[in-house]
Each structure stands twice: as C-alpha cells, then as structure tokens.
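Values below: all heavy atoms of this structure, side chains included; hydrogens, waters and symmetry mates excluded.
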Amino acid sequence: MSTLHTAPDLAGPQPLDPPAEVQRRLLDAQRAAFLAEGPPALDVRLDRIDRLMACVLEHADKLCAALDADFGSRPPLTSLASDIVGAIPDVQLIRENLAGWMADEEVPGSAEAGRPAFVQNRPKGVVGVVGPWNFPVTLVVQPAIEALAAGNRVMIKFSEVAERTAEVFARAVASRMSVEEVVVVRGGVATASAFSSLPFDHLIFTGSPRVGARVAAAAGENLVPVTLELGGKNPVVLGSDADVTLAGERVAGMRLMNGGQICLCPDYVFVPRDRVEEFLAVYEESVRAHFPTYLDNPDVVSIIDDRNFDRVTALVADAQSKGARVLTIAPPQETDALPQRAGRRIAPTVLLDVTEDMAVASEEIFGPVLAVYPYDDLDDVITYVNTRPSPLAAYFFGSDGPEFQEFIRRTTSGGVSRNDLAVHWGIEGAPSGGIGRSGMGAYHGKVGFLTFSHRRTIAASTAPKGLAQSLLPPAGQAEADALRGVVAHTLAEIRQRIGESTSPRQS
C-alpha cells in the first residue's frame with residue numbers, strides 16, 4: 001500500500017454526489033501515489049486484487065440483499081452467480097499468469113538488424129470504471145481487477161440506479177482498500193458527467209450506446225482512451241438443421257435470465273417458416289417450466305425501475321397497436337394483472353408479425369420480450385442483420401456446416417455462440433467486446449491486462465552509423481541509388497503478385 005498521506009476528507013467511503021472538485025482531488029491523490037510508487041511489483045498487484053475480491057466475498061450476503069431491494073425482486077442465486085462469484089475465474093487466471101504477462105518481450109529479429117529491442121507492458125496510471133445497473137457489482141469489479149493486474153490505480157463510478165447496492169459496495173471497498181488504490185464514487189447524472197470528464201489515463205464504460213456516446217465525447221475532450229462495452233439487438237438464427245427443442249429451451253432461458261436485462265440477451269429470432277409453430281410451442285413450454293407462476297413468484301427478477309418498466313411495456317403496446325400479435329406466457333388467472341407496475345413485473349412475451357415501423361424492431365428491449373420472425377432464405381436473414389448496427393452477440397443454432405460458415409463469414413458482431421447463448425463471453429484467453437454501436441475495445445484475462453497497459457518499445461543500436469546520419473550531408477548519390485533500387489524491386493514484386501507486367505505503367 002502506498003504511504004502517501006491522504007487528506008482526511010478523502011479517506012474512507014466517499015459521500016453521495018461528491019462535487020467535481022472532490023472527484024478531481026481523488027484522481028490527483030491516486031495519480032500522485034502511482035507516480036511515487038512507480039510500476040508496482042507482482043506481489044503488490046496480487047495483494048490488491050485479493051483484497052478487492054475479499055471486499056466482495058466478505059459482503060456477499062449484504063450485497064445480495066441490497067440487489068434484491070434495488071430490483072424489487074432478485075433471487076440470491078441470480079446475484080451470487082452473476083455479481084459475487086463472476087470474477088473469481090478471472091482472478092484465478094490472473095494469479096496463474098500475471099508474472100508472464102508482466103515480463104518484457106524481446107522483438108524477434110531486432111538484434112540481427114542492429115537494433116535490439118524489447119517491449120514493456122507498463123501501467124497507464126489511473127483507470128476510471130463506469131458501471132451499469134444490470135450487473136452492478138461484477139461489471140465494475142472485473143475491469144477493476146484487470147486494471148490492478150496491469151499495475152494501475154482505479155476509480156469506480158457505481159450505478160446510481162442500484163443505490164442500495166452502491167452504498168454497501170462503497171463501504172465494502174473502503175474496508176480494505178485505500179482511496180489511493182481503489183475508490184468508489186456514487187451519485188446521479190451530474191456526478192457521472194463530472195466523472196467522465198476527468199483526465200484519466202484510461203476509461204472503461206459499460207452501459208447503453210446512448211450514454212456510451214456521451215461518455216466517449218466527454219473523455220475525448222481530454223484525449224482519454226476509452227473501452228466501451230455496450231448493448232445491441234442480438235439476433236438468433238435457427239438453421240435448416242437446427243434442433244428446435246434445444247433452441248427454444250436455451251433462448252427462453254437466456255431471455256428470462258435477470259428478467260431479460262442483459263446486454264447479451266437475444267432480442268429477435270429468425271426461424272424457418274415451417275418450424276415457427278414448433279419453436280413457439282417449445283419456447284412457451286420452457287418458460288412455463290421455469291416459471292409456472294409469475295405474478296408473485298420470488299424467483300422472478302423484476303424490472304429495475306419504473307422508467308424501464310414503462311419503456312418495455314410501451315414497446316409492446318406500440319407493436320400491438322400497429323398490428324403485431326402478442327403472445328403472453330403466464331397462468332390464465334394472472335394475465336389480467338400483468339403487466340404489474342407496483343411490482344414492476346412484465347410477463348414473458350413473444351411478438352409476432354413485427355414490422356419496421358414498430359419501435360421494437362429497432363430499439364433494444366432489455367426485458368422479458370422476444371420478437372420472432374419466419375424466414376425462407378438465409379441470405380435474406382443475413383441481409384437483415386447486416387443492414388442494422390452490429391450487435392454485441394449473434395447466435396446460431398444448427399450444425400457447423402455451410403449455413404453457419406456463411407453466417408459468420410458475412411455478419412459482424414462482438415462475438416458469436418453456436419447452439420447456446422453467451423458461451424463465447426469471458427472464455428479464458430479470448431477477447432470480449434463489441435464493435436461499432438455495440439462497443440469498442442475488449443477486456444477479460446490477458447486481453448484486459450493489455451487494454452489497461454501501455455506497450456512501450458525500448459531499443460538500442462549496434463549499427464556503425466546513426467539512423468539519421470545516413471540521410472544527412474555528406475550522404476549522396478550512393479544512398480539515393482540504394483533507396484531507388486528498393487522502390488523498383490518492391491514495385492516489381494507487387495506487380496508480379498497482382499498479375500501485372502513488370503514494365504512501367506503509362507500515365
């Protein structure tokens with residue numbers, strides 16, 4: 001731990017909605033501590049990671065209770081699986097590999113060229129982490145752990161939507177971490193805006209594309225590099241040989257997890273026209289198996305707040321008013337009471353006959369609602385996906401045959417899973433991130449370590465003459481002739497590769 005003296009008013013859990021100048025003082029304190037310490041040793045990094053993880057695990061019950069209160073209903077199993085233990089595999093991976101990741105890397109062939117060089121992975125300094133409300137703990141802890149692994153200090157802006165969880169988490173972090181190492185900032189829109197405008201050395205944001213654009217713009221004022229983990233309308237495609245039962249069950253499971261409030265949830269499904277009814281039957285049966293009742297079922301995760309409840313119900317109402325067929329999956333005795341605003345419960349819903357003028361065709365749902373489209377030609381499906389912003393995830397059910405290969409060849413998405421959903425996310429050694437409107441950059445494991453590191457090349461020279469000397473007087477005709485020879489030789493090789501004559505082209 002750094003020995004830098006911290007002002008008394010900056011010690012411990014920070015008050016709600018700290019002014020911009022207080023946030024700047026926190027950043028300055030972390031940067032001063034970072035500069036005084038220099039790149040931390042391996043054991044220091046691992047100690048900080050362990051202490052941060054201990055903060056979460058020691059307060060697991062309180063965090064689960066706070067998450068239940070913030071959502072209105074969120075079973076402990078959901079919170080334990082997603083928000084409490086979600087980062088443990090990453091910690092284990094880092095502990096096993098961090099020494100190797102930190103090691104300098106020799107540049108192959110550089111010594112033979114007379115310029116022996118190696119690459120350092122240096123910490124950037126202070127990393128800002130802006131988290132979402134749907135998995136508010138794990139989606140700030142995991143990037144924070146990887147930033148610490150890279151040797152940085154971390155400031156966390158916790159979601160104001162999950163306000164009870166934010167308070168528990170802030171106190172938990174302050175119980176083991178100095179504000180010079182990791183500090184949690186809580187507050188609303190003004191606080192978040194001030195946080196995003198701080199001159200961090202790197203900023204990672206997880207949330208909606210709309211807010212992500214504002215965060216990136218604010219960071220751009222200070223030329224702060226950003227990693228954006230955003231959402232998107234994730235498609236599912238059932239190939240001609242898909243196991244419809246498997247697809248229906250797994251799509252239902254993912255669409256219902258966390259009340260459908262996951263950036264990796266499927267938003268719409270393309271099903272071969274002659275198998276739509278079969279898919280709908282399996283989907284409905286699977287939903288009822290998970291939730292035989294819905295209205296008062298304690299295993300249901302409620303919509304997080306009134307604003308999001310109103311937004312999702314408005315998407316369904318808009319679609320229905322414009323001709324969509326609405327399939328509500330709930331016991332008959334409950335359908336009249338759903339959706340229920342008091343408990344923020346929306347019954348699992350399927351929309352059919354969705355058209356482009358409906359808001360649900362373009363807006364991310366983020367709730368227990370799914371659109372189903374019939375199709376006749378896979379090429380039409382690929383065109384549909386490609387004419388929309390690239391999603392965070394794309395899903396395909398079927399064999400690893402020509403249809404799947406064509407799907408992954410022609411479509412673009414953050415990641416792809418076949419015959420399941422979200423299995424590509426967080427695989428050890430594999431990057432996780434979006435593209436375009438679904439995000440930029442990636443983290444998880446070594447990719448995260450590299451995201452929060454600066455790769456610095458360090459070189460020497462064993463050449464008899466300096467690099468610039470050969471281009472300054474009295475260098476002359478011999479050097480110029482040599483460079484013209486390089487141009488002619490390289491151009492001849494290129495023309496041969498592209499099937500052109502090696503004789504000069506006429507202008």
Side-chain angles (χ1 to χ4, degrees), residues 10-18 22-23 26-27 30 48-88 90-91 126-149 152-189 191-192 194-196 198 200 203-207 211 229 258 261-262 301 304-305 443:
L10 293 184
Q14 297 303 299
L16 188 65
D17 286 316
V22 172
Q23 295 189 51
L26 288 167
L27 171 63
Q30 288 205 346
R48 287 171 178 161
I49 290 170
D50 281 344
R51 284 188 284 119
L52 180 58
M53 199 67 224
C55 293
V56 175
L57 300 179
E58 288 171 342
H59 295 79
D61 290 340
K62 290 182 179 179
L63 287 167
C64 287
L67 286 162
D68 182 48
D70 280 330
F71 275 84
S73 174
R74 199 191 203 219
L77 176 60
T78 298
S79 295
L80 283 168
S82 59
D83 276 288
I84 305 303
V85 306
I88 291 178
D90 203 36
V91 171
V126 181
V127 173
V129 178
V130 183
W133 55 260
N134 59 331
F135 294 111
V137 178
T138 195
L139 290 180
V140 295
V141 169
Q142 189 152 358
I145 283 171
E146 293 174 4
L148 291 173
N152 301 285
R153 309 302 175 106
V154 180
M155 289 179 63
I156 295 171
K157 168 58 181 74
F158 206 91
S159 171
E160 72 278 8
V161 177
E163 58 181 353
R164 300 170 185 85
T165 309
E167 182 176 1
V168 174
F169 182 75
R171 292 185 179 280
V173 169
S175 70
R176 285 186 176 271
M177 311 299 296
S178 105
V179 295
E180 302 156 15
E181 297 172 311
V182 180
V183 67
V184 179
V185 174
R186 299 177 296 135
V189 174
T191 300
F195 188 93
S196 301
L198 290 172
F200 292 110
L203 181 64
I204 179 169
F205 167 83
T206 304
V211 179
E229 296 289 312
N258 205 44
Q261 299 163 109
I262 306 177
V301 177
I304 185 68
D305 57 18
Y443 71 108

Exercise for review: Could you check Val168 against Leu67 for side-chain contact (heavy atoms from CB on, under 4.5 Å), going step by step and ending with a plain yes or no?
Suggested key: CA-CA 10 Å; Val168 174; Leu67 286 162; over 6 Å; no
Looking at side-chain heavy atoms only, is the closest gap between [X] and [Y] below 4.5 Å?
X: Val137; Y: Val56; value: yes
X: Leu139; Y: Asn134; value: yes
X: Arg74; Y: Asn258; value: yes
X: Asp68; Y: Pro76; value: no
X: His59; Y: Ser175; value: yes
X: Phe135; Y: Thr206; value: no
X: Ile156; Y: Phe169; value: yes
X: Cys64; Y: Leu80; value: yes

Exercise for review: With sequence neighbours excluded, give me every salt bridge (Lys or Arg N to Asp or Glu O under 4.0 Å) pair touching residues 129-140.
Suggested key: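 Checked against salt bridge (Lys or Arg N to Asp or Glu O under 4.0 Å) - neighbours excluded - no pair reaches residues 129-140.
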Straight-line distance of [X] [atom1] to [Y] [atom2], nearest 0.5 Å:
X: Met53; Y: Gln142; atom1: CE; atom2: CD; answer: 9.5 Å
X: Phe71; Y: Thr78; atom1: CZ; atom2: OG1; answer: 9.0 Å
X: Leu57; Y: Leu52; atom1: CG; atom2: CG; answer: 9.5 Å
X: Ser196; Y: Gln23; atom1: OG; atom2: CD; answer: 9.0 Å
X: Arg153; Y: Glu181; atom1: CZ; atom2: CD; answer: 6.0 Å

On a heavy-atom basis, which atom in [X] and which in [Y] lie closest, and how many Å separate them?
X: Met155; Y: Leu198; answer: CE-CD1, 4.0 Å
X: Pro18; Y: Val185; answer: CG-CG1, 3.7 Å
X: Asp83; Y: Pro136; answer: OD1-N, 3.4 Å
X: Ser159; Y: Gly131; answer: CB-O, 3.9 Å

Say whether, by atom type as modelled, one donor and one acceptor occur between the side chain of [X] and the main chain of [Y] under 3.5 angstrom.
X: Arg176; Y: Cys55; result: no
X: Lys157; Y: Gly187; result: yes
X: Asn152; Y: Val126; result: no
X: Asp70; Y: Thr165; result: yes
X: Glu58; Y: Ala172; result: no

Practice item. I would like to know whether Phe158 and Phe195 meet ring-ring contact (aromatic ring centres under 6.0 Å, His included); could you show each step before the answer? Key: CA-CA 11 Å; Phe158 206 91; Phe195 188 93; over 10 Å; no
Practice item. List for me each residue that meets side-chain hydrogen bond (donor to acceptor under 3.5 Å, both in side chains) alongside Thr138, sequence neighbours excluded, and say none if there are none. Key: none
Point to revise | Residues Gln14, Arg186; criterion side-chain contact (heavy atoms from CB on, under 4.5 Å); working and verdict | key: CA-CA 8 Å; Gln14 297 303 299; Arg186 299 177 296 135; over 6 Å; no
Review point. After noting the C-alpha distance and the side-chain angles of Glu160 and Leu16, does the key distance pass the side-chain contact (heavy atoms from CB on, under 4.5 Å) rule?
Key: CA-CA 10 Å; Glu160 72 278 8; Leu16 188 65; over 6 Å; no
Review point. Are there more than 12 heavy atoms of other residues, nucleotides or ligands under 6.0 Å from atom CG of Asp17?
Key: yes
**Study point:** Glu167/Arg164 under side-chain contact (heavy atoms from CB on, under 4.5 Å): CA gap, chis, key distance, verdict
**Key:** CA-CA 5 Å; Glu167 182 176 1; Arg164 300 170 185 85; 6.0 Å; no
